[in-house]
Amino acid sequence: MLYEEVVESGNRSTCRSSLYWRSPVIVQTEKQRQPAKTRQTNKIMKIWTSEHIFNHPWETVTKAAMQKYPNPMNPSVFGVDVLDRSVDQQGRLHSKRLLSTEWGLPSIVKSIIGNARTCTYVQEHSVVDPKEKTLELKSTNITFTNMVSVDERLIYKPHPEEPEKTVLTQEAIISVKGVSLSSYLEGLMANTISTNAGKGREAMEWVIRRLNAEIEELAITARGSIRTPMAAAVTEK
């Protein structure tokens with residue numbers, strides 16, 4: 001299996017590309033032998049990875065990640081439905097959600113794939129482990145799977161050296177099937193994912209600011225509610 005990898009690291013993206021082989025061991029029997037013209041060819045898949053550091057503690061970033069949508073930076077995600085939520089015996093929170101998204105593919109991709117409509121549904125499974133302080137999200141598209149598949153994995157962990165910061169590692173595996181120029185299309189989609197990832201990080205900061213503002217507003221309201229009875233008591237005296 002041939003993979004092409006694009007790596008982005010740090011707050012500023014520094015990309016490198018590499019090609020490497022993963023060669024499975026194949027035991028061929030008489031039934032498996034086929035004429036050369038019908039044998040399956042090696043499939044190229046694009047692997048995109050990225051790392052980003054948030055200047056916020058893990059608890060804050062985790063809350064923001066679970067309340068990320070909707071946001072003005074990622075209008076492509078226009079619907080979120082919680083399918084299931086439970087806590088396992090280890091105290092980990094499992095959530096399954098259905099995201100309604102507009103992929104926003106380049107017009108050339110739409111024309112080659114043959115779909116002007118790019119609204120798709122994405123299934124997401126997240127696991128929050130408060131003891132280990134990890135949040136892992138896995139998502140995959142469940143529509144257009146006969147033409148394209150995008151599998152993403154995000155992991156949020158405290159920074160190993162600066163615990164008040166959080167490290168996000170992100171990976172996406174893109175595979176376009178059954179069309180010509182699949183490697184080229186996968187590259188275009190990887191660029192789209194990279195752009196959306198940048199917007200997603202901006203959205204996280206936006207959500208964190210919103211949450212902090214809400215906390216501050218509640219604190220002000222609480223202080224005001226305490227002062228009112230005290231002022232009334234002083235007036236009565």
Side-chain angles (χ1 to χ4, degrees), residues 1-10 13-26 40-53 65 68-69 74 76-77 80 83 94-106 108-110 112-115 118-129 134-157 166-201 203-204:
M1 186 76 72
L2 182 62
Y3 293 81
E4 184 173 358
E5 182 177 31
V6 179
V7 180
E8 297 185 4
S9 61
S13 297
T14 55
C15 301
R16 73 175 188 269
S17 298
S18 60
L19 289 174
Y20 57 94
W21 286 92
R22 290 181 184 172
S23 302
V25 177
I26 300 175
Q40 186 176 3
T41 58
N42 290 312
K43 181 73 184 75
I44 298 178
M45 301 167 68
K46 180 78 71 175
I47 300 178
W48 174 87
T49 59
S50 174
E51 182 177 287
H52 179 78
I53 297 174
K68 184 177 177 181
Y69 304 111
N74 293 113
S76 58
V77 181
V80 180
L83 304 178
H94 294 256
S95 300
K96 292 182 180 180
R97 304 193 299 181
L98 184 68
L99 309 182
S100 304
T101 71
E102 172 62 45
W103 271 357
L105 299 176
I108 186 172
V109 177
K110 296 179 183 179
I112 294 177
I113 290 180
N115 269 278
T118 53
C119 172
T120 188
Y121 294 103
V122 175
Q123 182 173 287
E124 178 194 84
H125 178 214
S126 64
V127 181
V128 180
D129 190 332
T134 60
L135 165 60
E136 180 177 4
L137 297 99
K138 293 181 179 180
S139 64
T140 184
N141 60 296
I142 56 175
T143 50
F144 302 134
T145 53
N146 61 321
M147 294 176 291
V148 59
S149 64
V150 178
D151 299 306
E152 290 192 75
R153 182 174 182 238
L154 294 83
I155 299 177
Y156 297 86
K157 291 182 177 180
T166 304
V167 179
L168 163 64
T169 55
Q170 188 171 359
E171 177 185 84
I173 300 176
I174 308 129
S175 177
V176 177
K177 315 164 191 174
V179 297
S180 58
L181 303 175
S182 61
S183 181
Y184 172 70
L185 297 180
E186 288 162 357
L188 289 179
M189 294 188 68
N191 291 336
T192 300
I193 289 174
S194 179
T195 300
N196 289 339
K199 294 178 181 178
R201 293 190 289 266
M204 290 284 288

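Any value given below was found using the heavy atoms of this structure, including those in side chains, with hydrogens, waters and symmetry copies removed. If you're wondering where the values come from, they're calculated on a predicted model, not measured in any experiment.
- Across all their heavy atoms, Glu51 and Thr169 have their closest contact at OE1-CG2, 3.8 Å.
- Judged by distance alone, the side chain of Lys46 and the main-chain N or O of Ala172 form no donor-acceptor pair under 3.5 Å.
- Using a distance-only test at 3.5 Å, with no hydrogens or angles considered, a donor-acceptor pair links the side chain of Asn141 to the main chain of Val150.
- At distances below 3.5 Å, at least one donor-acceptor pair connects side-chain atoms of Glu186 with backbone N or O atoms of Val176.
- Taking CE from Met189 and OG from Ser175, the interatomic distance works out to 9.5 Å, rounded to the nearest 0.5 Å.
- Atom CG of Leu185 sits about 14.0 Å away from atom NZ of Lys177, to the nearest 0.5 Å.
- Note that the OG1 atom of Thr134 and the CG atom of Asp129 stand 4.5 Å from one another [nearest 0.5 Å].
- Residues forming a side-chain contact (heavy atoms from CB on, under 4.5 Å) with Ile142 (at least two apart in sequence, or on another chain): Leu98, Tyr121, Gln123.
- By the 6.0 Å contact criterion, NZ on Lys157 is open, its count of non-hydrogen atoms from other residues, nucleotides or ligands being 12 or less.
- Atom-to-atom distance recorded for Ile47:CD1 and Asp151:CG is 10.5 Å, nearest 0.5 angstrom.
- Scanning all heavy atoms of the two residues, the minimum distance from Gly200 to Asn74 falls at CA-OD1, 3.4 Å.
- Between Thr49 and Glu171, the closest heavy-atom pair is CG2-CG, 3.9 Å.
- Two residues are said to be in side-chain contact when any heavy atoms from C-beta on lie closer than 4.5 Å; Leu168 and Met204 fail this criterion.
- You'll find the side chain of Leu137 reaches within 4.5 Å of the side chain of Tyr156, heavy atoms only.
- The side-chain hydrogen bond (donor to acceptor under 3.5 Å, both in side chains) test applied to His125 returns His94, not counting sequence neighbours.
- When all heavy atoms of Ala197 and Trp48 are compared, the closest pair comes out as CB-CH2, 3.6 Å.
- Of the inter-residue distances, the one linking Ile193 atom CD1 with Leu188 atom CG reads 11.5 Å to the nearest 0.5 angstrom.
- The side-chain contact (heavy atoms from CB on, under 4.5 Å) test applied to Ser139 returns Val122, Glu124, Glu152, not counting sequence neighbours.
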